[in-house]
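What follows is a single structure, written as structure tokens, with notes after it.
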Number of protein chains: 2
Amino acid sequence: MALTELEGAVLTEIAHRGNHTSFKVRRAFQTSPSSSWSGSAGAVYPAIARLERAGLILAEPGTSRRGTRILSLSTAGAEALKAWLFDGETACSIGADPFRLRSGLWNTLGEEDRRKVVRTMKAAVEAEMAKLVSRTALDPVEDVGNDLAIRLQQLRLDWLDEFDRALPG
Amino acid sequence: MALTELEGAVLTEIAHRGNHTSFKVRRAFQTSPSSSWSGSAGAVYPAIARLERAGLILAEPGTSRRGTRILSLSTAGAEALKAWLFDGETACSIGADPFRLRSGLWNTLGEEDRRKVVRTMKAAVEAEMAKLVSRTALDPVEDVGNDLAIRLQQLRLDWLDEFDRALPG
DNA sequence: CCGAACATGTAACCTGTTACATGATTAC
DNA sequence: GTAATCATGTAACAGGTTACATGTTCGG
């Protein structure tokens with residue numbers, strides 16, 4: 001069974017934290033800074049149900065009357081997660097980067113628009129960067145990805161500086 | 001009308017190349033190195049149909065009997081593209097990065113697995129990098145995004161080097 | 001003439017989104 | 001008691017994927 005990115009991320013959540021419930025998995029995605037996860041109930045609950053049907057996660061009833069169930073990985077689930085972690089082709093592919101997608105066309109704009117776009121984007125990158133910096137030191141696993149996100153924003157900022165310097169004047 | 005990333009990319013394709021047909025737009029996505037575009041007919045043709053219905057692109061019949069139509073942006077389409085290009089919040093958000101998503105858990109693996117994963121990922125990044133380098137100098141607009149993709153892979157490589165050096169021995 | 005490439009689309013399916021529905025527990 | 005939060009899910013919809021269907025043009 002090939003895992004989607006969300007399913008892999010769900011297995012990751014369950015594996016690296018203990019005593020996780022569906023709700024906590026969902027909230028982890030909701031509070032994630034990445035725009036690619038909405039953490040919508042309509043995505044997370046069905047994904048967990050799929051993984052359970054596929055025998056990759058186990059659920060045992062919790063103690064409360066709310067019907068909460070404690071999730072854990074089965075042996076097959078741990079194997080599937082490892083295969084997902086070690087899949088270099090997927091892990092190292094270039095994902096969907098909205099900045100990169102637009103960058104080519106920014107160059108073709110008139111001088112006035114190029115100035116405007118560089119100002120707008122610098123401000124937006126700096127705002128994102130500030131959010132990311134304020135999020136560090138929450139969790140050793142999350143911090144690694146957060147650090148990579150900061151480096152990506154720094155790369156964008158450097159690129160914008162070059163773009164700026166290439167403008168006349 | 002808020003544009004999806006695919007719709008924005010379609011407008012970009014049509015705007016920056018002349019005399020584009022649906023087929024050529026589709027092929028541009030098929031040959032794109034980004035894994036996020038499959039260039040499937042079931043995505044591109046409906047997207048073009050939506051944009052046409054929304055009055056953002058115009059189509060005039062071509063000369064051949066194949067039913068090809070030459071696409072161009074309407075005034076509204078050019079405005080929509082510009083708004084999409086200048087939307088800093090979307091452009092500078094952190095997209096879906098499969099490498100970043102996995103990076104946190106790589107740190108939690110045992111020493112043997114950490115060594116294995118760093119080797120696998122370095123090889124995968126270098127393979128991707130080679131593909132990207134061989135693609136440069138095709139088109140001034142595409143080259144900008146290609147250059148950013150190369151920088152992203154270089155960032156990953158640097159990160160993997162640090163990861164490697166942090167390993168005992 | 002035949003196969004490859006050009007060219008356009010549709011249908012079944014899967015996954016994710018928003019919005020809604022439902023109920024339990026806790027803090028005040 | 002009641003508002004916020006915890007907790008789980010479903011329904012309608014949007015968009016993408018694969019696979020298929022159909023016909024044209026061109027090179028050999």
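Proteins get letters first, then strands, A, B, ... in listed order; numbering begins at 1 in each.
Not a single donor-acceptor pair under 3.5 Å links the side chain of Arg69(A) to the backbone N or O of Thr21(A). Trp106(A) contributes a side-chain N or O that, together with a main-chain N or O of Leu85(B), makes up a donor-acceptor pair within less than 3.5 Å. Side chain of Ser22(B) to main chain of Tyr45(B): no donor-acceptor pair is present (N/O by atom type, distance under 3.5 Å, no hydrogens or angles).
Summarising the geometry, the separation between CZ on Phe23(A) and P on dA4(D) is reported as 15 Å, rounded to the nearest angstrom. The CZ atom of Arg69(B) sits 18 Å away from the P atom of dT24(D) (whole-angstrom rounding). Separating the NE2 atom of His20(B) from the P atom of dA7(C) is a distance of 11 Å, rounded to the nearest angstrom. Atom CG of Leu3(B) is separated from atom P of dG16(D) by 12 Å (rounded to the nearest Å). Atom CD in Glu7(B) sits roughly 6 Å away from atom P in dG15(D) (whole-Å rounding). Between the CD atom of Gln30(A) and the C1' atom of dG9(D) there is a distance of 14 Å, given to the nearest Å.
Taking a 4.0 Å limit (strictly below) on heavy-atom distances, residues 36-52 of chain B reaches DNA chain D at Ser38(B), Ser40(B), Gly42(B), Ala43(B), Arg50(B).
A sub-4.0 Å separation between OP1 or OP2 of dA7(C) and a side-chain N or O of Arg26(B) is absent.
Partners of Glu162(B) according to the side-chain hydrogen bond (donor to acceptor under 3.5 Å, both in side chains) rule, which considers only residues two or more places apart in sequence or in another chain, are Arg151(A).
Figure legend: cation-pi geometry between Arg102(A) and Trp84(B), with NZ or CZ positioned under 6.0 Å from the six-membered ring centre and within 45° of its axis.
For residues 108-127 of chain B, the set of pairs meeting the ring pair (Phe, Tyr, Trp, His ring centres under 6.0 Å) definition, not counting sequence neighbours, is empty.
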